[in-house]
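In what follows, a structure is listed as structure tokens, so that the remarks can point back to it.
Each ligand, and each atom within it, is numbered from 1 in the order the structure gives.
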Amino acid sequence: MSNGCMETILNRRSILHFKEDEIPEDVLNQVLGAGLRAPSPGGSLTTGYRGIQAFSIIVVRDRQRRAALNKMLCDGKKECIEQAPVSLVFCVDLHRVNRWAELQGGVPHFKGVGVLWVALRGTYAAAQNSVIAAYSLGLGAQYVQEIVWQPYETLQFFKLPKRVLPVAMLVMGYPAEQPPLAPSLPFEAVVHEETYRSMDDKELIESFGEKEKYFREWVESLPPDSRHRQAMDAKGVKNLAQFVSLMTYTESFYRWRDDVVRSNLAMSELE
Ligand SMILES: Cc1cc2nc3c(=O)[nH]c(=O)nc-3n(C[C@H](O)[C@H](O)[C@H](O)COP(=O)(O)O)c2cc1C
């Protein structure tokens, strides 16, 4: 049995190319409203306090600011940030809840990694609610990872107070393309009954089969002198696992990103 919501979820795909058409205000408000209606940790059904909602969403529409954002985050290389009429930046926001507690005679002690964990979970639930709402309204979107790897400037760019930190960014607009659906891991690899079941080696390798096939098709489509192909040849990369572990998640990747996250948390006084 299918329904509209399932169809939206199953047909969603990340969009890189957008039409220039603006998103009408009422449509964007529905997308944002869907974010606000996401489940939120902190509070419970039984205590009379339903969800801490420790997040804020910054809407970036201004063309020049989108261009500046692209430059700041991606050296101007991510065209979709400028092409899509709207960027939504989802921030964990412990500033608001701390001020509120203080103003109301509570204790403004919402900080530390544990509380950040609470806020982070709710923020991503909100972002993904907005994504699904957007697709159901004919829009497309793409997450932009760079928002979490370039902390210093973003704090100023968005005039963020302490304890507010961007953790997710979406570019959004009307799609100018319909890319193929991404291959998913099979059920057996991801879904476990009651307790975790480790796959045997053969099964584990096979579970990545669809992703491997997609990757190989991509490699075959590359011209011989392409940057990716040359880098892969130089490292002797033969399959997707090697590509991911040797070329993307490299040791310097970990070191640099660990450092960024730590200093980011320190600067935002969130640790
Ligand atoms: C938190 C998050 C950050 C992401 N960041 C990027 C990104 O910076 N660039 C990109 O091309 N895709 C990004 N993606 C999208 C993934 O590449 C995409 O979801 C994946 O390839 C599967 O494709 P699909 O979304 O079309 O199903 C991100 C996805 C998530 C959930």
Side-chain angles (χ1 to χ4, degrees), residues 5-18 31 34-35 38 55 57-58 60 66 69-84 86-92 116-117 119-136 138-151 153-154 165-187 189-190 207-219 221-222 227-228 240-241 243-245 247-250 253-254 256-257 260-261 264:
C5 182
M6 283 305 294
E7 271 168 35
T8 301
I9 291 172
L10 296 177
N11 282 312
R12 182 213 57 80
R13 61 205 74 193
S14 294
I15 297 296
L16 255 183
H17 300 292
F18 297 89
V31 169
F55 64 92
I57 310 169
I58 301 179
V60 185
R66 280 188 279 122
L69 202 50
N70 182 20
K71 191 154 188 288
M72 178 176 77
L73 299 178
C74 315
D75 287 333
K77 289 184 194 138
K78 247 187 190 169
E79 215 183 306
C80 60
I81 301 176
E82 294 181 49
Q83 214 177 47
V86 168
S87 288
L88 299 180
V89 179
F90 289 76
C91 306
V92 296
L116 174 65
W117 212 233
L120 187 65
R121 285 145 59 212
T123 308
Y124 263 90
Q128 188 57 18
N129 245 27
S130 289
V131 167
I132 297 303
Y135 279 77
S136 78
L139 293 162
Q142 156 102 278
Y143 281 94
V144 176
Q145 57 154 335
E146 282 83 358
I147 193 70
V148 294
W149 306 130
Q150 304 290 350
E153 297 94 347
T154 54
L165 186 66
V167 291
M169 172 175 163
L170 297 171
V171 290
M172 194 172 279
Y174 289 97
E177 61 169 356
Q178 177 80 334
L181 281 179
S184 295
L185 289 170
F187 249 60
V190 177
S207 73
F208 280 88
E210 285 299 308
K211 288 185 186 285
E212 187 75 47
K213 189 164 156 259
Y214 187 89
F215 170 72
R216 281 176 197 268
E217 283 167 9
W218 172 71
V219 172
S221 75
L222 295 173
R227 185 174 52 89
H228 281 303
L240 177 57
F243 181 78
V244 172
S245 58
M247 295 187 59
T248 314
Y249 291 81
T250 58
F253 170 105
Y254 287 121
W256 172 57
R257 278 163 207 228
V260 167
V261 172
N264 205 5

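In this structure, atom 27 (O) of ligand 1 has a protein heavy-atom contact shorter than 4.0 Å. The protein does not reach atom 21 (O) of ligand 1 closely, with no heavy atom under 4.0 angstrom from it. Atom 13 (C) of ligand 1 lies below 4.0 Å from at least one non-hydrogen atom of the protein.
Two rings, from Y174 and F18, have their centers 6.0 Å or more apart.
Note: H228 and W218 have perpendicular aromatic rings, judged against thresholds of 30 and 60 degrees for the angle between ring planes.
When the salt bridge (Lys or Arg N to Asp or Glu O under 4.0 Å) test is applied to E82, no partner is found at least two apart in sequence or on another chain.
Residues I57 and V89 have side chains not in contact (no heavy-atom distance under 4.5 Å, counting atoms from C-beta outward).
Evaluated by nearest non-hydrogen atom to atom 11 (O) of ligand 1, the leading choice among Q142, Q145, R12, M169 is Q142. Across R13, Q128, E146, K78, heavy-atom proximity to atom 7 (C) of ligand 1 is greatest for K78.
Applying the side chain to side chain donor-acceptor pair (under 3.5 Å) definition to pairs two or more places apart or across chains, those involving residues 122-133 are Q128-Y143.
Ranking the protein heavy atoms by distance from atom 23 (O) of ligand 1 puts A182 CB, 3.4 Å first. Of all protein heavy atoms, the one lying nearest to atom 6 (C) of ligand 1 is Y143 O, 3.1 Å. Taking atom 1 (C) of ligand 1 as the reference point, the nearest protein heavy-atom neighbour is Y124 OH, 3.6 Å.
A side chain to side chain contact (heavy atoms under 4.5 Å, CB included) with M169 is found for one member of I58, I81, T154 and no other, namely I81. When the options V92, L73, I147 are evaluated for a side chain to side chain contact (heavy atoms under 4.5 Å, CB included) with P166, the one that passes is I147.
Note: an N/O pair closer than 3.5 Å links S14 and ligand 1 by distance alone.
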